[in-house]
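Please read the structure below before turning to the comments.
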Amino acid sequence: EKLDGDRDLITPSVKSNGVDDLRSALMLSQINMVDSAEAVSEACGEKYTSTTSSSTSGCIVGVKKADGNKCSRCWFYDDQVGKLGFVNNDICQRCNEAIFTWEKKTGQKFEKPVVEPVAEQPTV
């Protein structure tokens, strides 16, 4: 079975691969296109898989928790976050590229905002 996804891209391609566009449009961390309903059920489990009787489009959709860690900038999950040795190691490759481009264009250095702890609110 053929599995198409975008996790093996080293940098975002200039020419769209389709899957990345779908992932972005649906605001999902990861999308994998497979050739059979069995592959969807196997990856996601029966509980989180649509059935052919509920699909008028002929598409079977399954849902499961995304692999990897959450990017601190875009909040997408990516299995490469924290593994590539970037200066901003808690940010995905796509966001690191955006920050690098911004730094190069503006001549400024990106600094993470300081997050102040939220004071507890009195209970009523």
Side-chain angles (χ1 to χ4, degrees):
E1 295 168 10
K2 184 179 174 194
L3 181 65
D4 292 324
D6 65 349
R7 73 174 45 172
D8 294 325
L9 293 177
I10 293 176
T11 59
S13 60
V14 174
K15 183 177 179 183
S16 170
N17 65 3
V19 174
D20 195 39
D21 288 343
L22 183 60
R23 181 181 70 92
S24 297
L26 297 176
M27 298 290 295
L28 298 171
S29 294
Q30 297 157 359
I31 290 181
N32 292 303
M33 313 264 303
V34 294
D35 293 330
S36 70
E38 292 78 26
V40 176
S41 294
E42 189 176 294
C44 302
E46 292 293 327
K47 182 177 179 181
Y48 299 106
T49 304
S50 68
T51 61
T52 52
S53 62
S54 65
S55 175
T56 57
S57 67
C59 294
I60 306 298
V61 177
V63 179
K64 72 174 192 166
K65 183 178 179 195
D67 297 327
N69 297 310
K70 183 166 72 171
C71 172
S72 295
R73 182 174 177 264
C74 69
W75 290 20
F76 278 5
Y77 282 79
D78 187 318
D79 58 1
Q80 294 300 306
V81 170
K83 296 180 181 177
L84 299 175
F86 293 131
V87 173
N88 303 302
N89 209 29
D90 62 337
I91 298 175
C92 71
Q93 182 170 352
R94 184 176 149 268
C95 289
N96 267 291
E97 181 66 28
I99 290 168
F100 174 76
T101 302
W102 175 83
E103 288 177 337
K104 189 175 178 183
K105 184 176 182 179
T106 65
Q108 298 179 37
K109 183 75 177 151
F110 173 76
E111 292 183 30
K112 292 182 187 176
V114 176
V115 180
E116 296 179 19
V118 177
E120 284 191 38
Q121 300 295 321
T123 56
V124 180

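Distance alone, capped at 3.5 Å, is enough to place a donor-acceptor pair between the Asn96 side chain and the Asn88 backbone.
For Ala66 against Tyr77, the heavy-atom pair with the smallest separation is CB-CB, 3.7 Å. The two residues Leu84 and Gln80 make their nearest non-hydrogen contact at CD2-OE1, 3.3 Å.
Looking only at side-chain heavy atoms (C-beta outward), Asp90 and Ser72 come within less than 4.5 Å of each other. Using a 4.5 Å cut-off on side-chain heavy atoms (C-beta onward), Cys92 and Val81 make contact.
Looking at residues two or more places apart in sequence or on another chain, you find a side chain to side chain contact (heavy atoms under 4.5 Å, CB included) between Ala98 and Arg73. Here Glu42 pairs with nothing under the salt bridge (charged side-chain N to carboxylate O under 4.0 Å, His left out) rule; sequence neighbours left out.
In the hydrophobic clustering, where aliphatic and aromatic side chains (Ile, Leu, Val, Met, Phe, Trp, Tyr) are joined below 4.5 Å either directly or transitively, Phe110 groups with Ile91, Ile99, Trp102.
Taking CG of Asn69 as the reference point, atom CG of Asp79 lies at 9.0 Å (rounded to 0.5 Å).
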